[in-house]
Amino acid sequence: MNQPTPAIVAQHAVRRLPRLALFLLCLAYIVPGFVGRQPWKSADMTSFGYMANIASGLTGWLTPEVAGQGPAHDALLPYWLGALFIQGLPWLDPALASRLPFVLLLALTLTATWYGVYHLARSPQAQPVAFAFGGEAHPADYARAMADGGLLALIACLGLAQLSHETTPALAQLASVALVFYSVAALPVRQARPVVGLHLGLAGLALSGAPTLAALLGTGCLALCASSPRSADQDDRRRHSVLALASATLLSAALATAFDLWRWRIALPGLSLDHWPEWRSLGRLLLWFTWPAWPLALWTLWRWRYMLRSRHVALPLWFAALGITVTLTTPSADRSLLLALPALATLAAFSLPTLRRSMSALIDWFTLLFFTASAITIWVVWIAMQTGFPAKPAANVAKLAPDFVPSFSWLAFVVALLATLAWAWLVTWRVGRHRTALWKSLVLPAGGAVLGWLLLMTLWLPALDFARSYTVLAQRVAVHVRADQCVEMYGLSQGHAAALKYHGGLTMLPVSSAHTCPWLLVDTADQATLPEATDMVQWNLQAVLRRPSDRTDDVLLYRRLAP
């Protein structure tokens with residue numbers, strides 16, 4: 001017996017979210033974090049180092065390296081994209097040029113999620129209850145309102161902000177997963193575009209360092225498509241979908257094999273009590289990283305529990321479950337959990353037609369208090385950095401980032417002020433009396449997430465650049481080393497090498513008896529493990545360089561005594 005849909009939605013509740021407002025919200029979320037900042041440590045800087053070396057011809061396209069360390073076999077596509085934009089836009093700063101394709105990837109993620117939710121909401125099982133005398137939501141209007149809610153839920157996820165604005169393979173994987181999600185959702189009603197998107201998405205996922213995930217996604221979606229309820233007039237489309245999924249999955253596996261991208265990265269935490277801190281850390285990550293999508297997703301699973309095999313529930317549930325499983329079994333948990341966010345946002349969207357008013361009010365009040373308090377904190381600390389008052393926040397900044405000199409930017413100040421005024425207007429609008437709209441409960445969470453990220457990337461950006469980039473370390477090295485000299489290094493990461501080359505123009509090489517560089521940089525933590533072939537008698541300690549915002553980690557600079 002078919003269970004009735006739990007969604008009861010009238011036509012007046014599916015009014016459109018103004019397109020201009022939605023576009024400006026997405027723009028205010030995407031652009032900050034990609035412009036006006038330095039490459040951050042360490043994954044962001046390392047990725048840029050690969051791109052810059054490929055673009056300048058210092059390393060091969062198939063075997064990118066930084067300072068002779070590597071090559072990078074985990075991912076290729078994101079480095080290719082960055083290198084192509086660096087080569088194609090030589091008048092731009094290489095760091096900015098390398099970020100432009102990632103701006104497009106984040107925009108693709110948001111767009112693909114919107115269209116994925118839209119097509120799932122158009123499926124017959126997802127439609128709301130038909131009223132006896134009419135007045136229920138029209139299918140297209142209902143799907144559009146649900147898609148708006150899904151997009152707002154994705155933007156509201158706290159874990160999306162930083163990782164989606166770094167030039168790392170994680171963002172390329174996220175965009176590929178979102179593209180696959182949209183393609184599978186649209187396969188029953190579309191032909192050409194979903195098939196192309198499916199092949200591009202799974203291939204992009206394989207070339208971005210996740211070929212196993214691509215194979216699992218393709219295989220799981222194929223199984224869902226083959227086992228879904230069918231009617232006689234859907235057989236042709238089912239065969240079309242199965243063939244497209246099989247072809248795309250085989251293509252991604254072939255690409256991963258051809259470029260030698262298969263890697264074993266399973267790292268399960270232990271089950272003993274000694275590993276309890278690891279599980280507790282993973283639990284905290286799941287709670288805050290996916291807020292506010294996870295409670296709404298759980299509500300969706302409860303309210304639609306009799307329709308779990310329906311496409312609009314089964315498909316995002318499969319994507320979310322696979323993303324969370326990968327999070328629990330791989331070392332980089334946060335970057336893996338990033339891939340589950342589009343599916344969790346979709347599940348959160350399908351809670352909106354069944355959301356109780358008390359739960360909606362709880363989300364609103366929590367969001368209002370959390371983001372308003374966060375905005376006030378950001379403003380107070382910024383004022384303290386500029387004026388020294390209040391004294392305690394100023395002292396905390398001086399303690400966390402010694403030698404940091406604050407600077408004032410009119411552009412950053414005006415943008416931050418406008419964002420704060422927009423938040424005040426949004427709060428006023430939300431607490432006012434307006435007609436019901438499905439997406440209304442997610443306006444404050446999404447607006448608050450955009451506000452917090454925008455304030456951080458304007459008011460706090462100089463301090464964050466000081467603490468999170470290698471710029472200051474490169475400047476301190478440049479005091480002693482000329483830009484045309486080479487430097488051997490030991491214990492330093494690829495991010496350090498890329499930063500010293502980008503900021504200081506230095507040629508970085510791994511320590512070796514075959515090299516005769518006049519300078520040597522050694523991480524103090526690795527000083528005792530220097531290779532025996534390195535004769536330290538021929539080196540004279542020139543300086544101890546302290547990394548900003550890290551008082552316990554120094555770098556030793558040596559100068560060769562004789563050529």
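Heads up: numbering here begins at 1 and tracks the sequence.
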Derivation of the side-chain contact (heavy atoms from CB on, under 4.5 Å) call for L81 and L105: CA-CA 10 Å; L81 293 175; L105 288 176; 4.3 Å; yes
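- Residues R99 and D93 are not paired through a salt bridge, judged by the lack of any N-O separation under 4.0 Å between the basic side chain and the carboxylate.
- A side-chain N or O of T257 and one of W262 form a donor-acceptor pair less than 3.5 Å apart.
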Assess whether salt bridge (Lys or Arg N to Asp or Glu O under 4.0 Å) is satisfied between D44 and R37, documenting all intermediate values. CA-CA 12 Å; D44 189 49; R37 69 168 178 88; 2.9 Å; yes
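- Two rings, from W291 and F289, have their centers 6.0 Å or more apart.
- Within the 3.5 Å criterion, the main-chain N or O of A203 finds no donor-acceptor partner in the side chain of S252.
- When atom types are taken as modelled, the side chain of S98 and the backbone of A95 share a donor-acceptor pair closer than 3.5 angstrom.
- Remark: side-chain polar atoms of E488 are not paired, donor with acceptor, to backbone N or O of L509 under 3.5 angstrom.
- Judged purely by distance below 3.5 Å, without hydrogens or angles, the side chains of S469 and T471 pair a donor atom with an acceptor atom.
- At least one donor-acceptor pair under 3.5 Å links the side chain of Q485 to the backbone N or O of R482.
- When atom types are taken as modelled, the side chain of Y50 and the backbone of G82 share no donor-acceptor pair closer than 3.5 angstrom.
- Separation of the W61 and F259 ring centroids does not fall under the 6.0 Å cut-off.
- Side chain of S247 to backbone of A244: no donor-acceptor contact under 3.5 angstrom is found.
- Between L456 and I378 there is a side-chain heavy-atom pair separated by less than 4.5 Å.
- A55 and I86 get closest at one heavy-atom pair: CB-CG2, 3.7 Å.
- M51 has its side chain within reach of T167: a pair of non-hydrogen atoms, C-beta onward, lies under 4.5 Å apart.
- Using a distance-only test at 3.5 Å, with no hydrogens or angles considered, a donor-acceptor pair links the side chain of S183 to the main chain of L198.
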I'd like to know whether H496 forms a side-chain contact (heavy atoms from CB on, under 4.5 Å) with S493, so could you lay out the CA-CA distance, the side-chain angles of the two residues, the decisive distance to 0.1 Å, and finally the verdict. CA-CA 5 Å; H496 288 100; S493 66; 2.8 Å; yes
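- For F102, the CZ atom sits in a packed shell: over 12 heavy atoms of surrounding residues, nucleotides or ligands are nearer than 6.0 Å.
- Looking at W453 and P32, their side chains come closer than 4.5 Å, going by heavy atoms from C-beta outward.
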Test side-chain contact (heavy atoms from CB on, under 4.5 Å) on T249 and L202; report intermediate values, then the result. CA-CA 7 Å; T249 305; L202 288 180; 3.8 Å; yes
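- Between the H480 side chain and the R559 main chain, no donor and acceptor come within less than 3.5 Å of each other.
- Side chain of T59 to main chain of E65: a donor-acceptor pair is present (N/O by atom type, distance under 3.5 Å, no hydrogens or angles).
- Residue F23 places its CZ atom among 12 or fewer non-hydrogen atoms of other residues, nucleotides or ligands, all under 6.0 Å distant.
- The aromatic rings of F413 and W379 lie perpendicular to each other, with more than 60° between the two planes, well past the 30° mark.
- The aromatic rings of F408 and W382 are tilted relative to each other, their planes meeting at an angle between 30° and 60°.
- Y502 and F48 have perpendicular rings, their planes meeting at more than 60° on a 0 to 90° scale where under 30° would count as parallel.
- No hydrogens or angles considered: nothing links the side chains of T168 and S47 as a donor-acceptor pair under 3.5 Å.
- Shortest non-hydrogen contact noted between C517 and R560 is O-NE, 2.9 Å.
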V555 vs T524, side-chain contact (heavy atoms from CB on, under 4.5 Å): CA-CA, chis, key distance, verdict: CA-CA 6 Å; V555 177; T524 53; over 6 Å; no
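- Side-chain contact between V487 and L500 is absent, with no heavy-atom pair separated by less than 4.5 Å.
- Shown here for P64 and Y79, the closest heavy-atom pair between the two residues is CG-CD1, 4.2 Å.
- Using bins of under 30°, 30° to 60° and over 60° for the plane-to-plane angle, the ring pair F34/H165 lands in the tilted bin.
- Between P406 and F404, the shortest heavy-atom distance links the atoms CD-O, 3.6 Å.
- The side-chain heavy atoms of Y29 and L160, taken from C-beta on, include a pair separated by under 4.5 Å.
- A heavy-atom distance below 4.5 Å is found between the side chains of W460 and M385.
- In this structure, the side chain of T458 engages the main chain of L455 through a donor-acceptor pair within 3.5 Å.
- Defined by atom type and a distance below 3.5 Å, a donor-acceptor pair is missing between the side-chain atoms of Y470 and Q38.
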